[in-house]
Structure formats: C-alpha cells, structure tokens
Amino acid sequence: MNTVITRFPPSPTGHLHVGGARTALFNWLYARHMHGRFVLRIEDTDTARSTDESVQAIFDALNWLGIDWDDGPYYQSRRLDIYREYLDKMIAADKAYYCTCSPEQIDEMRKKAMAAGEKPKYDGTCRNKGLSVTGHAAVRFKAPQSGTTVINDVIKGEISFQNDELDDFIIWRSDGMPTYNFVVVVDDITMGINTVIRGDDHVNNTPKQIQLYHALGADLPVFGHVPMVLGQDRTRLSKRHGAMAVTAYREMGYLPEALVNFLVRLGWSHGDQEFFTRKELIEYFTLENIGKSPGVFNQEKLLALNAEHIRNSTPQHLFPQLRPFLKARGLNGDDTLTPETEKLIEILSPRSKTLEELAENTRFFYEDTIQYEAKAARKFLKPVALEPLELVCRQLESLPDFEEKTLEDAFRAVMETSGLKLGKIAQPVRVALTGKTVSPGIFEVIALIGRSKTINRIQAAVDFIKRQPEKDTVR
RNA sequence: GUCCCCAUCGUCUAGUCUGGUCCAGGACACCGGCCUUUCACGCCGGCAACACCGGUUCGAAUCCGGUUGGGGACGCCA
C-alpha cells in the first residue's frame with residue numbers, strides 16, 4: 001500500500017470534545033504507526049456557526065494532547081474555488097442539477113413520506129427540469145435510483161444500502177456555499193486522503209459519498225467507522241453528561257497522556273494491557289483491534305488511569321504542569337524546579353490522583369501556618385501527646401543532621417524513654433507538621449521541611465494543646 | 001416510522017474470523033486481608049458476565065436464523 005494519509009476534520013462550532021479527540025487520536029495514531037501522514041482540516045462551511053475562537057480552542061486542545069499534523073490546517077472556507085470547479089464538472093456531466101424547490105416544499109415532502117411509512121427524501125421534482133443557473137437555486141446530486149452501494153468497512157465489515165433509500169441530496173446551497181457531503185469528498189480526493197476513520201454517526205453519509213466518488217471518477221479511500229462514545233445513561237455523549245471538553249480535563253488536573261491512554265482504550269485494545277505510553281500506543285495501534293460496539297465514558301477509570309500516570313511520572317515532567325495549580329493557590333511562584341520541590345512532588349505523587357490534588361497536598365510545605373483539621377486535632381492534639389511532642393522536639397534540637405535514618409533513630413530513642421509505640425508519637429507529630437492525619441512518611445516530611453520549621457510547628461502544637469479548655473480535651 | 005449498526009462481569013475489555021485448551025481472562029469500582037507510624041502505593045483473595053429462543057455440530061461465548069434490548073442516521077448542520 002502507498003503511504004497512509006489520514007485526516008481529522010473538526011467543524012469549529014465549539015470546543016474539542018472527548019469524542020472528537022478520540023477520533024483524532026485514532027487517525028493520528030494510525031498515521032504514525034504506518035509512518036504515514038496526518039492532515040488537519042477545519043470544516044467551516046457553516047458560516048453561521050463557525051467561529052475563530054473555536055478554531056483556536058481546537059488547536060489548543062490538540063496541542064495539549066500532543067497531536068501534531070503534517071499537513072494543514074486547511075480551511076474549507078478558503079477553498080471555495082476548488083469546490084466550484086468540481087461543481088461545474090458535475091453539472092456539465094449532468095450529474096447534478098439546479099433545484100428551486102423551497103425549504104417549505106421539502107418539509108412537506110418529508111412529512112408526507114414519514115406519514116406513509118417511508119424514509120423521508122426529496123421526490124425529484126426538479127431532477128429533469130433542466131434548470132440553469134438562476135439567482136437563488138440549490139444544486140442537487142443526481143443520485144442513482146437503483147442498485148446497491150456497499151461500504152467495505154475495515155471496522156464493521158460489509159455494509160450495504162439500497163440506492164433507492166438515497167435521495168438527490170443538496171451539494172450546493174442556494175446561499176452559494178457547498179454542503180458537507182460534497183466538500184468532504186472533494187477535499188479527501190484533492191488532499192490524497194486514503195484512509196477515513198470517523199464516527200459511527202457517519203455510516204449513513206458514506207453511501208452518498210461513495211456515489212460522489214464514483215461521479216467524480218475517483219478511487220475510494222478505506223473507510224472505518226468507529227463506534228460512538230456514550231454517556232453513563234448509554235446515550236450519545238453531550239454536554240449534559242458533564243465535562244466533555246478536552247481542556248476541561250486539563251483544568252481539573254489530568255495529564256494529557258492519561259486522557260489519551262483512556263480515550264484510545266475506549267474502543268481499542270491490545271490484549272490485557274491497560275497502561276500505555278504514547279510510544280507504545282504508536283507501536284501497537286492498528287485498525288484491526290478497534291471494537292464494534294459503543295462504549296460508555298467511565299470517569300472513574302479515567303481518574304484511576306490519571307493517578308497511575310502521575311505515579312509513573314518524574315517531578316521534572318510533572319512540575320511545569322503542576323505550576324498553574326500551585327500558583328492559583330499562591331503556594332509556589334517558582335519557575336524552576338528546586339531540589340525541595342522535586343522531593344516534595346516525588347513523595348506526594350503516589351498519593352495524588354490529579355494535579356489539583358497534588359497541589360493541595362503540598363500545602364504543609366509551602367504554608368507556614370498549619371491549619372489543623374478539626375478531626376485530626378481532636379484525635380491527636382491532646383494532653384497525652386505533650387510528652388512525646390516535647391521529647392521529639394528536644395531530640396531534634398540536638399540532631400547532627402536531618403537524614404531520614406538519623407530521624408528514625410531519634411524517634412526510637414523517644415520510644416524508649418517514653419515507653420510509647422511509634423504510632424503514639426508519630427501521629428501527633430504528623431498533625432503538628434501537616435495539620436492532617438494523612439501525609440507522606442513522617443521522616444520524609446521532617447527531612448523536607450527542616451529543623452527550624454519542624455521545631456516551630458511542634459512548639460505551636462504544644463501551645464495549642466495547652467490552650468485547650470479541659471473539657472474539650474478530656475472527653 | 002424507515003434505514004444502518006451493535007450485543008461477554010455495574011463499566012472498559014480479552015477470547016469470536018481459524019468451534020473443544022473458557023464451568024470465560026484482565027482492568028476500574030466495590031468488599032476482605034497483608035505490608036506499614038498514618039494515608040496512599042504495592043501484594044494476596046473475593047464478588048460479578050457469554051441478552052433470549054431455536055438451529056448446525058460429538059461439542060458453540062465462538063457458526064446460522066429469529067426475538068428482545070441498545071445506539072446511530074434520516075437537514076440548503078458537520
């Protein structure tokens with residue numbers, strides 16, 4: 001086979017949503033896997049709904065996901081001359097004709113057909129009128145009225161349609177703009193697209209497009225229709241299913257590689273493997289392993305996958321992406337990764353499912369005043385904790401260094417003098433240092449925040465306990 | 001309504017083409033346990049599915065037919 005050329009043709013009428021991103025990913029991955037080319041084309045022939053902001057939003061999302069293109073972006077709105085040329089060919093060859101029926105008349109036809117239990121379609125009123133260019137006429141494709149059109153779908157297999165199901169659809173609007181089915185075919189032909197991977201919702205357009213390829217005397221590309229992504233309620237994904245914009249996931253602290261991994265795994269598989277790096281996806285991705293049935297977008301699985309990707313990342317990789325979350329909380333304004341922050345990310349990443357969570361978890365390091373969680377203080381900052389807290393404090397004051405090993409020895413010493421178990425000592429210290437009952441290892445925390453902060457915080461906790469009225473601490 | 005597609009645990013899926021190795025495997029979630037100074041991580045275990053009916057066959061999750069269920073499309077949107 002020649003070089004594989006795939007494409008992604010979003011229409012800029014909103015942000016890039018996860019379903020579209022998955023389609024883009026499949027095309028991109030396949031092109032990369034086959035060492036082919038990937039084309040980006042903006043389908044903006046619907047001038048009423050297309051916006052520049054949407055175009056920018058799509059670029060932004062694609063960039064974030066790491067999807068790059070070899071050719072384009074093309075804008076259909078700038079290719080009108082090409083479409084016009086092909087339209088003229090069609091008319092000259094008597095494969096298309098002008099139609100002056102009004103939308104109201106068409107509506108009437110559709111209603112009648114529906115009522116008669118038939119598929120609503122154009123009745124061909126103008127088909128043989130031989131109308132020529134008039135001021136305000138649409139152009140219809142003279143579709144074959146008998147026979148069968150077969151799609152050889154690489155994903156779904158053979159799909160056939162009776163041609164009498166198809167009607168003379170409009171390829172050029174009366175307002176002077178071409179329509180979807182026509183421009184897609186002209187573009188795919190002129191851009192050399194030979195592999196079309198797209199959503200399931202396009203299968204019904206495919207016979208029309210195949211007829212157009214025939215009318216234009218062009219070779220057919222390989223078609224592959226991927227099943228839809230459904231929401232929890234098993235209907236087609238839409239806004240009411242919650243966050244569906246790709247960039248919304250960035251804002252919630254998801255890693256692009258996690259979203260990519262999740263989206264690709266939704267409908268495609270490689271044996272039992274669940275976790276994939278981008279490199280692996282490119283290496284393993286083939287069309288044969290795309291499933292035929294629609295799948296539900298499962299937020300929980302995506303979250304778990306995100307946690308796994310965070311866990312498997314390095315602080316160097318995480319930091320630039322974490323920075324906006326840190327800054328938003330006023331926690332760290334650094335532009336470069338310091339050794340302390342590196343260590344901090346390292347110990348926090350196994351217990352953070354999103355970057356947002358990770359940023360939240362860094363508070364004990366960047367904020368000097370520790371807010372005790374009510375529950376944590378009630379449970380551990382009690383008079384019984386005074387002794388171990390003060391003993392630990394004394395030990396730390398005289399320690400030669402703050403290596404984790406040294407700290408561990410110091411705690412053991414406190415265990416001996418006090419006769420308390422490590423838990424009784426470590427938990428109050430943990431609350432004193434982080435305000436929570438949950439944190440990374442206590443020695444790691446101490447080593448990280450250093451001698452003076454540790455001592456100050458323990459001291460503050462001691463003061464806190466002493467300030468508590470008797471009745472609150474006794475019960 | 002008409003046309004098209006789909007059908008394995010709650011969800012994502014392996015297995016289906018090339019019937020037996022599948023009383024169906026993995027993952028998420030959930031429930032136990034271990035590890036541990038806490039929480040995570042990790043590890044061990046558990047729960048849980050071949051939609052239904054009929055046929056072909058020595059044998060069917062796998063092949064065929066029907067039923068049911070779900071999704072999609074029927075625009076001078078893409």
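In what follows, chains carry the letters A, B, and so on, assigned in the order in which the sequence lines appear, proteins first and then strands, with residues in each chain numbered from 1. Quick caveat, the model's predicted, so the values are computed rather than measured.
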When all nucleic acid strands are considered with a 4.0 Å heavy-atom cut-off, which category describes A:Ile170: base, sugar-phosphate, or nothing?
base
Interatomic distance where CD1 belongs to A:Ile290 and P belongs to B:C6 [whole Å]:
14 Å
Checking N1-N3 plus N6-O4 or O6-N4 for Watson-Crick, or N1-O2 and O6-N3 for wobble, each under 3.5 Å, the partner of B:G45 is B:C31
Contact class for A:Ser293 vs. all strands (heavy atom < 4.0 Å): base, sugar-phosphate, or nothing?
sugar-phosphate
Roughly how many Å apart are B:C23 and B:A61, using the C1' atom of each and rounding to a whole number?
13 Å
Going by modelled atom types, is there a donor-acceptor pair between the base of B:C5 and the side chain of A:Lys156 at under 3.5 Å?
no
Could you check whether A:Pro227 gets within reach of a base, just the sugar-phosphate, or nothing at all, counting any heavy atom under 4.0 Å?
nothing
Measure from the side-chain heavy atoms of A:Asn204 and tell me the nearest of B:C4, B:C12, B:C76.
B:C4
In whole angstrom, give me the gap between the C1' atoms of B:A29 and B:C47.
12 Å
Name the nucleic acid region contacted by A:Ile442, choosing base, sugar-phosphate or nothing; use a 4.0 angstrom heavy-atom cut-off, strictly under.
base
Reckon A:Thr13 touches a base, only the sugar-phosphate, or nothing at all at heavy-atom distances under 4.0 Å?
nothing
C1' atom, B:C52 versus B:C31: distance in rounded Å?
32 Å
Side chain of A:Phe443 - closest among B:U37, B:G25, B:A7
B:U37
Distance, rounded to the nearest Å, where A:Phe275 contributes CZ and B:U13 contributes C1':
18 Å
Does a distance-only test, which skips hydrogens and angles, find a donor-acceptor pair under 3.5 Å between the side chain of A:Asn298 and the base of B:A29?
no
Between the base of B:U37 and the side chain of A:Arg430, is there a donor and acceptor pair under 3.5 angstrom?
yes
Does either side chain, that of A:Thr149 or that of A:Gln211, offer a donor lying less than 3.5 Å from an acceptor on the other one?
yes
Nucleotide nearest A:Phe161 (side chain, heavy atoms from C-beta), chosen from B:C12, B:C3, B:G71
B:C3
If each of A:Asp201 and A:Phe262 is mapped to the nucleotide of RNA chain B with the nearest heavy atom, which maps nearer the 5' terminus, i.e. the 5' end?
A:Phe262
Regarding A:Asp167 and A:Arg140, does a basic nitrogen lie under 4.0 Å from an acidic carboxylate oxygen?
no
How would you label the contact of A:His202 with the nucleic acid (heavy atoms, under 4.0 Å): base, sugar-phosphate, or nothing?
base
Roughly how many Å apart are B:U68 and B:C58, using the C1' atom of each and rounding to a whole number?
31 Å
Picking from B:A78, B:C6, B:C5, the nucleotide nearest the side-chain atoms of A:Pro294 would be B:C6
Could you tell me how far B:U18 sits from B:G26 if I compare only their P atoms? Round to whole Å.
28 Å
Look at the side-chain N and O atoms of A:Arg236 and state whether any lies under 4.0 Å from the OP1 or OP2 oxygen of B:G70.
no
Considering just the side-chain nitrogens and oxygens of A:Arg110, establish if one lies under 4.0 Å of OP1 or OP2 belonging to B:C76.
yes
Go through the side-chain N and O atoms of A:His225 and A:Thr206 and say whether any donor and acceptor fall under 3.5 Å apart.
yes
Rounded distance in Å between the P positions of B:G15 and B:C22:
15 Å
Check if the side chain of A:Arg311 and the base of B:C41 share a donor-acceptor pair of N or O atoms closer than 3.5 Å.
no
When the nearest nucleotide of RNA chain B is assigned to A:Lys121 and to A:Arg49 on a heavy-atom basis, which residue is associated with the more 5' position?
A:Lys121
Can you tell me how far P in B:C44 sits from the matching atom in B:A51, rounded to whole Å?
30 Å
With rounding to whole Å, what would you report as the distance between B:C17 and B:C6 at their P atoms?
16 Å
Listed nucleotide nearest any side-chain atom of A:Leu422, set B:C39, B:G26, B:U37
B:U37
With no hydrogens and no angle check, is any side-chain donor or acceptor of A:Ser313 less than 3.5 Å from a backbone partner on A:His309?
yes
Closest to the A:Lys301 side chain: B:C28, B:C3, B:A78?
B:C28
No-hydrogen, no-angle side-chain donor-acceptor test under 3.5 Å, A:Asp187 and A:Tyr83:
yes
A:Ser269 side chain near B:A14 phosphate (N/O to OP1/OP2, under 4.0 Å)
yes
Of the nucleotides B:A78, B:G26, B:G1, which one has an atom closest to the side chain of A:Ser11?
B:A78
Using a heavy-atom cut-off of 4.0 Å across all strands, would you classify A:Gly441 as base, sugar-phosphate, or nothing?
base
Pairing partner of B:A7 (Watson-Crick or G-U wobble, both distances under 3.5 Å):
B:U68
N/O donor-acceptor pair, side chain A:Asp200 with base B:G72, under 3.5 angstrom:
no
Euclidean distance, atom CD of residue A:Glu300 to atom P of B:C28 [Å, nearest integer]
12 Å
Atom CG of A:Asp153 and atom C1' of B:G72 are separated, to the nearest Å, by 14 Å
Within the structure shown, what part of the strands sits under 4.0 Å from A:Asn205 by heavy-atom distance: base, sugar-phosphate, or nothing?
base
Report the distance from atom CE of A:Met177 to atom C1' of B:G75, rounded to the nearest whole Å.
16 Å
What about the rings of A:Phe262 and A:Tyr254, do their centers lie closer together than 6.0 Å?
no
Any N or O donor-acceptor pair linking the side chain of A:Ser439 to the base of B:C39 at under 3.5 Å?
no
Which of these nucleotides, B:C5, B:A14, B:A78, is closest to any side-chain atom of A:Glu43?
B:A78
Measuring from the side chain of A:Glu274 (C-beta onward, heavy atoms only), which nucleotide among B:A29, B:C12, B:C76 has the closest atom?
B:C12
Between B:A78, B:C76, B:U13, which nucleotide has the shortest distance from any of its atoms to the side chain of A:Thr45?
B:A78
Does B:G59 have a Watson-Crick or wobble partner in any strand here, with both distances under 3.5 angstrom, and which is it?
none
With both distances under 3.5 Å as the test, what is the Watson-Crick or G-U wobble partner of B:G1?
B:C74
Would you check if the distance from the ring center of A:Phe59 to the ring center of A:Trp69 is below 6.0 Å?
yes
Short side-chain to backbone donor-acceptor contact, A:Thr179 and A:Ile170, under 3.5 Å
yes
Nearest-Å distance for atom pair CG/P, residues A:Asp272 and B:C9:
17 Å
Using modelled atom types only, decide if a donor and an acceptor are shared between the side chain of A:Glu444 and the backbone of A:Gly441 within a distance under 3.5 Å.
yes
Looking at A:Lys292, I'd like to know whether one of its side-chain N or O atoms comes within less than 4.0 Å of OP1 or OP2 on B:C6.
yes
Using atom CD of A:Glu165 as one end and atom P of B:C5 as the other, report the distance to the nearest whole Å.
12 Å
Please report the distance, rounded to the nearest Å, between CZ in A:Arg351 and C1' in B:G42.
12 Å
Output field: ring centroids A:Phe285/A:Trp268 closer than 6.0 Å:
yes
